[in-house]
Amino acid sequence: MDLPRIFTIRESSHRLHNPFTPGKLAALGQALHLAPGTRVLDLASGSGEMLCTWARDHGVTGTGVDISTVFTEKARARAVELGVAGQVTFVHGDACGYVSHEPVDLAACVGATWIGGGVAGTVELLVSSLRPGGLMLIGEPYWRREVPDQETANACLAAGKDDFLVLPELIEQFGGLGYDVVEMVLADQDSWDRYQAAQWLNLRRWLDGNPDDELAAEVRAELTTGPARYTRYQREYLGWGVFALMGR
């Protein structure tokens, strides 16, 4: 049970596996007014940057669950580096269906709602671990503007235009599920650039060091076409944000 290698190659230098800068992650933590001792469950926690930095900066405790062995080890190392290994735990496992043994104050899935089959299913999964009155975080893409055709949707790594909503409709979806949106921090084009463009250098360095690897052709194809595709389509049409929700 693990992520395909291409993911860990592409994002090998990343601490955040979403189009969020450290500044935006810090701004989100500050906006939520996290109290020391807040118990957090982070599903699809990646390299653990959210839990580790919030443990350092706000005194939270918690557990992260991720399917990637590489990212889970990076998360554990980051906890040691920041001196918070006694506050946070990282579990290698499938976050799909994971429920905390004890209710938590904050349940999060930041950028991986496929673990619940979409937004609605992920909300349902997170609420299974959340104490009454607790806070939920969902990170999710949205269309910055209406998508003109199937080619554009596919170039944004979507199966079709209906995969994502425009921002007002996404907010309305949360309301339709019975939740108030109480905060949000959105990616901007700079944070998208830092997320995507850093991948190109990772790919090139890996390719230079592994020219005979079985993935070399796939990596070369991605590096050849990815920058133009991103700047032509994803940068213009695809947004992303983290939304804080509370049940009504």
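Computed over heavy atoms, backbone and side chain alike; hydrogens, waters and symmetry mates excluded.
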Backbone of [Y] reached by a side-chain donor or acceptor of [X] within 3.5 Å:
{"X": "Ser191", "Y": "Phe20", "result": "no"}
{"X": "His14", "Y": "Tyr195", "result": "yes"}
{"X": "Arg144", "Y": "Arg235", "result": "yes"}
{"X": "His92", "Y": "Val65", "result": "no"}
{"X": "Arg39", "Y": "Pro103", "result": "yes"}
{"X": "Gln87", "Y": "Val60", "result": "yes"}
{"X": "Tyr230", "Y": "Asp193", "result": "yes"}
{"X": "Asp105", "Y": "Thr38", "result": "no"}
{"X": "Ser47", "Y": "Glu49", "result": "no"}
{"X": "Lys24", "Y": "Gly241", "result": "no"}

Can the positive tip of Arg145 be found less than 6.0 Å from the middle of the six-membered ring of Tyr237, inside 45° of the ring normal?
yes
Can a cation-pi geometry be assigned to Arg10 and Phe7, taking NZ or CZ under 6.0 Å from the six-membered ring centre and within 45° of the ring axis?
yes
Rounded distance (nearest 0.5 Å) linking atom [atom1] of [X] with atom [atom2] of [Y]:
{"X": "Leu51", "Y": "Arg56", "atom1": "CG", "atom2": "CZ", "answer": "13.0 Å"}
{"X": "Leu245", "Y": "Leu177", "atom1": "CG", "atom2": "CG", "answer": "8.5 Å"}
{"X": "Thr53", "Y": "His58", "atom1": "OG1", "atom2": "NE2", "answer": "7.5 Å"}
{"X": "Asp162", "Y": "Trp143", "atom1": "CG", "atom2": "CH2", "answer": "10.0 Å"}
{"X": "Glu11", "Y": "Leu3", "atom1": "CD", "atom2": "CG", "answer": "9.0 Å"}
{"X": "Arg232", "Y": "Thr225", "atom1": "CZ", "atom2": "OG1", "answer": "11.0 Å"}

Given side chains that start at C-beta, do those of [X] and [Y] come closer than 4.5 Å, heavy atoms only?
{"X": "Tyr142", "Y": "Leu170", "result": "yes"}
{"X": "Glu140", "Y": "Trp240", "result": "no"}
{"X": "Arg204", "Y": "Gln199", "result": "no"}
{"X": "Phe243", "Y": "Ile171", "result": "yes"}
{"X": "Asn202", "Y": "Ile9", "result": "no"}
{"X": "Leu135", "Y": "Val182", "result": "yes"}
{"X": "Ser68", "Y": "Asp2", "result": "yes"}
{"X": "Phe174", "Y": "Val119", "result": "yes"}

Write down the atom of [X], the atom of [Y], and the distance for their closest heavy-atom approach.
{"X": "Leu43", "Y": "Ile115", "result": "CB-CD1, 3.8 Å"}
{"X": "Val88", "Y": "Ala79", "result": "CG2-CB, 3.8 Å"}
{"X": "Thr122", "Y": "Cys109", "result": "CG2-CB, 3.7 Å"}
{"X": "Ala216", "Y": "Leu207", "result": "O-CD1, 3.5 Å"}
{"X": "Ala158", "Y": "Phe164", "result": "CB-CE1, 3.8 Å"}
{"X": "Ala153", "Y": "Gly160", "result": "CB-C, 3.7 Å"}

Please determine whether residues [X] and [Y] belong to a single hydrophobic cluster, defined as Ile, Leu, Val, Met, Phe, Trp and Tyr linked transitively by side-chain heavy-atom distances below 4.5 Å.
{"X": "Val127", "Y": "Met246", "answer": "no"}
{"X": "Leu41", "Y": "Val110", "answer": "no"}
{"X": "Tyr98", "Y": "Met50", "answer": "no"}
{"X": "Leu201", "Y": "Leu223", "answer": "no"}
{"X": "Leu167", "Y": "Val181", "answer": "yes"}

Within the 3.5 Å criterion, strictly below it, is a donor on Tyr233 or Glu151 matched to an acceptor on the partner's side chain?
yes
With distance as the sole criterion, is a donor-acceptor pair present between the side chains of Asp66 and Ser45 under 3.5 Å?
no
Side chain to side chain contact (heavy atoms under 4.5 Å, CB included) between Thr21 and Leu16: does it pass, once the steps are laid out?
CA-CA 7 Å; Thr21 60; Leu16 294 168; 5.7 Å; no
Can you check salt bridge (charged side-chain N to carboxylate O under 4.0 Å, His left out) on Arg15 and Glu81, steps first, answer last?
CA-CA 13 Å; Arg15 284 181 173 165; Glu81 178 186 0; 3.6 Å; yes
Using side chain to side chain contact (heavy atoms under 4.5 Å, CB included), reason through Val40 and Val104 one step at a time and then give a plain yes or no.
CA-CA 6 Å; Val40 179; Val104 299; over 6 Å; no
What do you reckon, is [atom1] of [X] surrounded by more than 12 foreign heavy atoms closer than 6.0 Å?
{"X": "Glu124", "atom1": "CD", "answer": "no"}
{"X": "Arg131", "atom1": "CZ", "answer": "yes"}
{"X": "Asp149", "atom1": "CG", "answer": "yes"}

Evaluate the side-chain hydrogen bond (donor to acceptor under 3.5 Å, both in side chains) criterion for residues Thr72 and Arg76: first the C-alpha distance (whole Å), next the side-chain angles of each, then the deciding distance (0.1 Å), finally the verdict.
CA-CA 6 Å; Thr72 300; Arg76 292 168 178 161; 5.9 Å; no
Glu169 bridged to Lys161 by N-O distance under 4.0 Å:
no
Between the side chains of Asp190 and Arg194, is the shortest nitrogen-to-carboxylate-oxygen separation below 4.0 Å, so that they form an ion pair?
no
Start with the C-alpha distance between Thr63 and Phe90, add both sets of side-chain angles, then the distance that settles side chain to side chain contact (heavy atoms under 4.5 Å, CB included), and finish with yes or no.
CA-CA 6 Å; Thr63 300; Phe90 292 98; over 6 Å; no
What verdict does the side chain to side chain contact (heavy atoms under 4.5 Å, CB included) test give for Leu106 and Leu32, after you've listed the backbone C-alpha separation in whole Å, the side-chain angles of each residue and the deciding distance to 0.1 Å?
CA-CA 10 Å; Leu106 189 158; Leu32 297 177; 4.2 Å; yes
Only one of Ile6, Leu203, Asp213 passes side-chain contact (heavy atoms from CB on, under 4.5 Å) with Glu218, and that residue is Ile6
